[in-house]
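Only one structure is covered here, and it is reproduced in the block below.
Whatever order the structure lists them in is the order used to number ligands and atoms, beginning at 1. Nothing here was measured: the structure is a model prediction, and the numbers come from that model.
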Amino acid sequence: MGPDLSTYQRASGWLGRSLRYYASIGSTNDAALAAAAAGVSEGLVVVADVQHSGRGRLNRRWESPPGSGLLLSILFRPPEPFVHHAGRATMICGLAMQTAVEAVCGLRTKLKWPNDLIYESGDPGSGWVKLAGMLSEIWTSPAGDTGALVVGLGINVNMAARRLAEVSAHAGSLSALVGTSVSRVALLEALLEDIEARYDTLCAGDDPLARWRDQLAWLGRSVDVLRGPTHLCGTMEGVDDDGNLLLRTEERELLALSAGDVSLRLL
Ligand code: BT5
């Protein structure tokens, strides 16, 4: 058996030096948002084995049986311009998930706009599974003068195939792909190391947008974007400078769709 997630401590760096582990919690994002409101410094990481109300975007549920997922939330206090840096911080977490998964499992993954990590088998688009999802939430002080960003990451590490099928038709896990169990501690360590380095670079003025755009799945492909009850079909042309999805509709109109309220499917 590998090292235990419950006793993991980061030996160096600033991200995750303060780490709160819960065997069971409502949602790690809620705990990190509460810490933001309580004035806790940037770099706090909240980790849980089980969440009772783990959530995705649009109040969807995030399912992760005990011992199977890496569930964590990171508290950032991005510099001004806040909205710009908050958006970029979410992008670098996606890039860092790719790096960590490749380092620990040897798997080359893609990012599914806006916030998923997927693995594509065979020809791009012919088959894919969702390995992880991210939920970014912003806390603003009552006076409106300070803000914090919480990025929640849920990675399916050791989820058995039978459970995956119960969660969703497209759910996949690292262990199911590599055929052996994967160390959550090794993945967490690689993830925190990479996010920290990328965030430092971001705060020093670097823009990760082009690197993030390069990793997006399904560019140029026909997609169906679901906005509430409405379906918008078209070609995924790319993303704009704010990370909005650029969709060329069948009527040749170019729409910029923000991540908040839409879901993306391949046609
Ligand atoms: C996401 O939402 O993918 C963001 C998930 C973020 C979860 C983390 S866990 C730590 C932190 N604390 C929280 O409370 N949340 C964050 P979305 O794109 O809305 O996808 C949700 C949809 O994915 C659900 O409606 C299901 O169809 C599917 N789903 C649920 N659990 C899944 C899983 N383990 N693997 C793959 N798909 C899943």
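The atoms of ligand 1 that sit less than 4.0 Å from any heavy atom of M159 are 34 (N). Under a 4.0 Å criterion applied to the non-hydrogen atoms of R55, ligand 1 contributes the atoms 5 (C), 6 (C), 7 (C), 13 (C), 14 (O), 15 (N), 16 (C). Of all atoms in ligand 1, numbered sequentially from 1 with element shown, those under 4.0 Å from a heavy atom of S27 are 12 (N), 13 (C), 14 (O). Counting the atoms of ligand 1 from 1 in the order shown, those under 4.0 Å from a heavy atom of D116 are 3 (O), 18 (O). Proximity to G56 (heavy-atom distance under 4.0 Å) selects the following atoms of ligand 1: 1 (C), 2 (O), 4 (C), 5 (C), 19 (O).
Contacts of H170 with ligand 1, taken as heavy-atom pairs under 4.0 Å, are absent altogether. Contacts between Q51 and ligand 1, counted as non-hydrogen atom pairs separated by less than 4.0 Å, involve the side chain only. Residue contacts with ligand 1 for N156 involve side-chain atoms from C-beta outward but no N, CA, C or O (heavy atoms, distance under 4.0 Å). Residue contacts with ligand 1, taken as heavy atom pairs separated by less than 4.0 Å, do not involve L58 at all.
Side-chain polar atoms of T28 and Q51 form a donor-acceptor pair below 3.5 angstrom. Residues R198 and T99 bring a donor and an acceptor atom of their side chains to less than 3.5 Å of each other. With 3.5 Å as the limit, one finds a donor-acceptor pair spanning the side chains of N29 and S73. Side-chain contact check for W212 and Q98: no donor-acceptor pair (N or O, by modelled atom type) lies under 3.5 Å.
In terms of protein heavy atoms, atom 34 (N) of ligand 1 is closest to E63 O, 2.7 Å. Protein heavy atom closest to atom 11 (C) of ligand 1, with residue, atom name and distance, is T28 OG1, 3.2 Å. The nearest protein atom to atom 21 (C) of ligand 1, hydrogens excluded, is given as R60 NE, 3.9 Å; this is a heavy-atom distance. Nearest protein heavy-atom contact of atom 5 (C) of ligand 1 is W62 CE3, 3.4 Å. What sits closest to atom 4 (C) of ligand 1 on the protein, heavy atoms only, is M134 O, 3.5 Å. Looking only at heavy atoms of the protein, atom 29 (N) of ligand 1 is closest to V167 CG1, 3.7 Å. Remark: minimum distance from atom 24 (C) of ligand 1 to any protein heavy atom is reached at R61 O, 3.5 Å. Among protein heavy atoms, the minimum distance from atom 28 (C) of ligand 1 is reached at S168 CB, 4.3 Å.
Looking at L174, L164, L131 one by one, the single match for side-chain contact (heavy atoms from CB on, under 4.5 Å) with M159 turns out to be L164.
Within the 3.5 Å criterion, the main-chain N or O of S263 finds no donor-acceptor partner in the side chain of R227. Between the side chain of R55 and the main chain of N59, no donor-acceptor pair closer than 3.5 Å is present.
Between W113 and W218, a ring centre-to-centre spacing not shorter than 6.0 Å is recorded.
Note on ring orientation: taking the six-membered ring where Trp is involved, the planes of Y199 and F76 are tilted (angle from 30° to 60°).
Distance SG/C93 to CD1/I74: 4.5 Å, rounded to 0.5 Å.
Hydrophobic clustering (side-chain heavy atoms under 4.5 Å, transitive across Ile, Leu, Val, Met, Phe, Trp, Tyr) keeps Y22 apart from V151.
The option with the heavy atom closest to atom 20 (O) of ligand 1, from among K130, E166, R57, is K130.
G54 counts as a contact of ligand 1, since one of its heavy atoms falls under 4.0 Å from the ligand. For L72, the closest heavy-atom approach to ligand 1 falls below 4.0 Å.
Under the side chain to side chain contact (heavy atoms under 4.5 Å, CB included) criterion, N115 pairs with R57, T90, M134, not counting sequence neighbours.
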